[in-house]
*Asks:* 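For reference, the structure I am asking about is given below.
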Number of protein chains: 2
Amino acid sequence: MNLAELKSVCGACGIRELCLPAGLSDEEVHLLDQHVAHRQSVRKGDYLYRMGDPFRSLFAVSHGFFKTVLVHEDGRGQVTGFQMMGELLGLEAIHSERQVCDAIALEDSAVCTISFEQFEELGHLMGNLQHRFNQDLSREIAREHSLMMLLGTMRSEERLSVFLLDLARRHERRHQSGDAFVLRMTREDIGSYLGIKLETVSRLLSRLHDEGVLDVHGRHIRILDRQALAHRGQDSA
Amino acid sequence: MNLAELKSVCGACGIRELCLPAGLSDEEVHLLDQHVAHRQSVRKGDYLYRMGDPFRSLFAVSHGFFKTVLVHEDGRGQVTGFQMMGELLGLEAIHSERQVCDAIALEDSAVCTISFEQFEELGHLMGNLQHRFNQDLSREIAREHSLMMLLGTMRSEERLSVFLLDLARRHERRHQSGDAFVLRMTREDIGSYLGIKLETVSRLLSRLHDEGVLDVHGRHIRILDRQALAHRGQDSA
DNA sequence: CGATTGGTTGAGCCCATTCAACGAATGTGG
DNA sequence: CCACATTCGTTGAATGGGCTCAACCAATCG
């Protein structure tokens with residue numbers, strides 16, 4: 001992890017409304033900036049944190065892309081999420097004194113580091129901030145409920161379709177094309193996240209490509225027929 | 001839903017240290033009691049809330065047993081959790097104005113109803129309460145990460161074993177036997193939660209019974225060999 | 001340049017599903 | 001109180017979706 005500290009710039013940040021300060025006043029954002037956050041870069045492949053590390057801070061993805069991985073005793077790993085700019089990392093560790101999973105940068109990235117101790121104090125002063133944070137935590141719980149539905153009830157083709165449409169939606173919220181984007185993770189990462197094997201991911205992408213639903217060139221994806229993608233697997237074959 | 005309001009009794013509650021007030025002073029618990037919570041009974045089979053209901057309150061299970069179910073547009077349902085006494089319901093709805101899943105009582109139960117608006121105000125006054133609540137939310141996120149691992153990587157026999165051992169652990173925390181207990185949910189509920197079919201659940205229970213790991217009589221379970229149960233599925237056959 | 005990592009595709013297999021029949025327990029209405 | 005319907009659970013036989021094992025190719029890297 002290469003720690004290049006940069007100036008704190010929540011106030012001037014282009015994704016401010018997608019991130020922790022969403023809905024805060026300029027004054028409140030200034031407080032957050034001054035006392036809580038600073039920026040730090042993370043190189044592709046580096047660990048932002050590892051399971052067992054002491055938990056002290058939350059992280060907001062400033063730019064780049066991360067995955068979080070839960071590693072079982074026996075070595076099996078489960079990708080529990082992918083984080084894009086504006087999304088928070090470390091929420092799952094608040095209840096503990098230690099990190100409970102690994103966070104790994106999938107491309108050169110930067111995060112805003114937020115001392116959790118100071119953050120709680122600030123939340124105490126600013127009901128607004130605390131309210132937003134409760135919502136962030138709750139949204140993460142609801143997101144994982146959806147993922148449980150995916151893992152518990154869906155066929156592999158539907159899992160992949162839901163995954164791609166979710167990525168598309170998140171890109172669009174960030175004013176990037178939802179129809180054409182680059183996958184930052186490997187087929188194995190996707191498979192782990194979706195509870196299927198990497199070979200199955202590869203086969204499904206090939207099939208959707210052959211059927212004209214997607215354009216797939218390695219990690220470059222173009223969604224050609226959203227309707228078709230949205231209906232994959234859930235009812236008909 | 002049969003709303004019989006009872007006296008609020010956090011202060012005298014036997015499971016206080018398992019519940020929301022864990023770690024609070026008597027004074028703080030008194031505040032919670034007075035201004036925030038009241039008790040309400042829910043009959044077996046009744047809905048505590050349904051998806052789409054306005055979200056106003058959190059609930060703590062006072063006694064009894066609940067399940068939460070996420071219902072997809074097409075009618076498929078996914079059981080996202082089972083809640084025993086001391087555990088919170090409604091956390092996944094805070095980010096929204098509406099409930100995002102159903103909560104159903106699996107036996108005659110009672111819950112403490114906590115106005116979330118008032119709870120947030122109280123959290124603002126009591127940093128301690130807010131801190132604990134952040135931890136509760138985070139713990140729920142971490143719990144769901146583990147469930148993702150279960151759904152994403154484990155064989156059916158291991159899923160069931162992990163489920164039973166988790167139930168055992170939770171019973172023990174409540175000073176009930178972890179070796180002998182009664183399942184409050186159907187085979188179908190278990191299967192939905194674990195991402196397998198009810199017939200598979202039934203077959204697995206029968207097999208573990210035949211092999212002397214469990215004693216199964218309908219919903220009455222006795223764990224005979226924890227070691228064996230803990231090692232099922234994960235490595236050897 | 002060989003070594004490594006990531007991706008694609010094929011063939012055969014197996015675990016869990018599907019479909020089905022049946023029994024037990026519970027509840028309901030006449 | 002009995003006849004009947006419904007819910008819940010068990011077990012069997014056949015099927016199939018995704019896995020395993022394997023070969024191969026492309027890109028990247030030291």
Side-chain angles (χ1 to χ4, degrees), chain A residues 43-45 65 67 76-79 104 106-108 150-161 163 182-211 214-221 232-237, chain B residues 43-45 65 67 76-79 104 106-108 150-161 163 182-211 214-221 232-237:
Chain A
R43 290 245 194 79
K44 178 175 177 174
F65 205 93
K67 66 173 175 181
R76 282 178 297 182
Q78 169 75 28
V79 173
I104 301 158
L106 295 182
E107 59 180 348
D108 287 348
L150 179 145
L151 291 167
T153 75
M154 293 184 188
R155 304 213 159 283
S156 63
E157 194 180 49
E158 190 179 7
R159 297 186 194 195
L160 185 65
S161 303
F163 171 71
V182 178
L183 298 173
R184 302 299 172 179
M185 71 296 282
T186 67
R187 303 293 196 252
E188 187 169 18
D189 288 333
I190 298 172
S192 172
Y193 184 63
L194 298 178
I196 55 185
K197 292 289 149 183
L198 68 94
E199 295 95 328
T200 303
V201 174
S202 182
R203 278 185 246 272
L204 289 171
L205 286 172
S206 298
R207 190 158 89 211
L208 290 170
H209 179 90
D210 292 346
E211 292 175 353
L214 299 177
D215 216 9
V216 183
H217 289 99
R219 298 193 177 182
H220 292 261
I221 301 285
R232 282 284 142 168
Q234 68 181 52
D235 36 22
S236 63
Chain B
R43 290 243 196 80
K44 177 175 175 175
F65 205 93
K67 67 172 173 181
R76 284 178 295 183
Q78 168 76 28
V79 173
I104 301 159
L106 295 181
E107 60 181 347
D108 288 348
L150 180 144
L151 290 166
T153 73
M154 294 184 187
R155 304 212 157 282
S156 62
E157 194 178 51
E158 190 178 7
R159 296 186 195 195
L160 185 65
S161 303
F163 171 71
V182 178
L183 298 172
R184 302 300 173 178
M185 71 295 284
T186 67
R187 305 291 196 254
E188 187 169 17
D189 287 334
I190 298 173
S192 172
Y193 184 62
L194 298 178
I196 57 186
K197 292 290 149 183
L198 67 96
E199 295 95 329
T200 305
V201 174
S202 181
R203 277 185 246 273
L204 290 171
L205 285 172
S206 297
R207 190 158 88 211
L208 291 170
H209 179 88
D210 293 346
E211 292 175 354
L214 300 177
D215 214 7
V216 183
H217 289 99
R219 296 192 179 183
H220 292 260
I221 301 285
R232 284 282 143 169
Q234 67 182 53
D235 35 22
S236 63

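Throughout, protein chains are lettered first and strands after them, A, B, ... in sequence-line order, and every chain is numbered starting at 1. Computed over heavy atoms, backbone and side chain alike; hydrogens, waters and symmetry mates excluded.
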*Asks:* Using 0.5 Å steps for rounding, measure from the NZ atom of Lys67(B) to the CD1 atom of Ile104(B).
*Replies:* 4.5 Å
*Asks:* NA contact type, Arg219(A), heavy-atom cut-off 4.0 Å: base, sugar-phosphate, or nothing?
*Replies:*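 Arg219(A): backbone/sugar contact only, no base atoms under 4.0 Å.
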*Asks:* Measure the spacing between OG1 of Thr153(A) and CD of Glu158(A) and express it to the nearest 0.5 Å.
*Replies:*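 The CD atom of Glu158(A) is 6.5 Å from OG1 of Thr153(A), to the nearest 0.5 Å.
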*Asks:* By the 4.0 Å heavy-atom rule, please label Ser156(A) as base, sugar-phosphate, or nothing.
*Replies:* sugar-phosphate
*Asks:* What are the two closest non-hydrogen atoms of Lys44(A) and Asp108(A), and how far apart are they?
*Replies:* N-OD1, 2.8 Å
*Asks:* What distance do Arg232(B) atom CZ and Arg207(B) atom CZ have between them, rounded to the nearest 0.5 Å?
*Replies:*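 Result: 7.5 Å between the selected atoms.
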*Asks:* With each end axis built from five pairs of C1' atoms, what bend angle do you get for the helix from dC1(C)-dG30(D) to dG30(C)-dC1(D)? Round to 10°.
*Replies:* 40°
*Asks:* Taking C-beta and beyond as the side chain, do Leu183(A) and Asp189(A) meet within less than 4.5 Å on heavy atoms?
*Replies:* no
*Asks:* Could you tell me whether the side chain of Arg76(B) reaches within less than 4.5 Å of the side chain of Met154(A), counting heavy atoms only?
*Replies:* yes
*Asks:* Only counting residues at least two apart or in another chain, list the ones meeting salt bridge (charged side-chain N to carboxylate O under 4.0 Å, His left out) with Arg187(B).
*Replies:* none
*Asks:* Does atom CD of Glu107(B) have more than 12 heavy-atom neighbours, drawn from other residues, nucleotides or ligands, at distances under 6.0 Å?
*Replies:* yes
*Asks:* Mind calculating the distance between NE2 (His217(B)) and C1' (dC8(D)) to the nearest angstrom?
*Replies:*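 Distance, rounded to whole Å: 17 Å.
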*Asks:* If you look only at distance, which donor and acceptor atoms sit under 3.5 Å apart when one is on a side chain in residues 192-203 of chain B and the other is two or more places apart or in another chain?
*Replies:*
unit_1, atom_1, unit_2, atom_2, d
Ser192(B), OG, Val79(B), N, 2.8
Tyr193(B), OH, Arg143(B), NH1, 3.1

*Asks:* Heavy-atom contacts under 4.0 Å between residues 183-190 of chain A and DNA chain C, which residues?
*Replies:* Thr186(A), Arg187(A)
*Asks:* NA contact type, Arg207(A), heavy-atom cut-off 4.0 Å: base, sugar-phosphate, or nothing?
*Replies:*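 The residue Arg207(A) makes no contact with any strand.
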*Asks:* State, yes or no, whether a side-chain contact exists between Leu151(A) and Gln78(B) at a heavy-atom distance under 4.5 Å.
*Replies:*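 The answer is no, as the side chains (C-beta and beyond) never meet within the 4.5 Å cut-off.
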*Asks:* Quick one: do Leu204(A) and Arg159(A) satisfy side-chain contact (heavy atoms from CB on, under 4.5 Å)? Show the steps, please.
*Replies:* CA-CA 10 Å; Leu204(A) 289 171; Arg159(A) 297 186 194 195; over 6 Å; no
*Asks:* Earliest and latest nucleotide of DNA chain C, 5' to 3', sitting under 4.0 Å from a non-hydrogen atom of chain A?
*Replies:*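 First and last nucleotides in contact are dG6(C) to dT18(C).
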*Asks:* Can you check whether Val182(A)'s main-chain N or O pairs, donor with acceptor, with Arg219(A)'s side chain at less than 3.5 Å?
*Replies:* no
*Asks:* Each nucleotide in nucleotides 19-30 of chain D should get exactly one letter: B, S or -. Can you fill that in based on protein heavy atoms under 4.0 Å?
*Replies:* SBB---------
*Asks:* Identify the heavy atoms of His209(A) and Val216(A) that sit nearest to each other, and give their distance.
*Replies:*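 So the minimum-distance heavy-atom pair works out to ND1-N, 2.9 Å.
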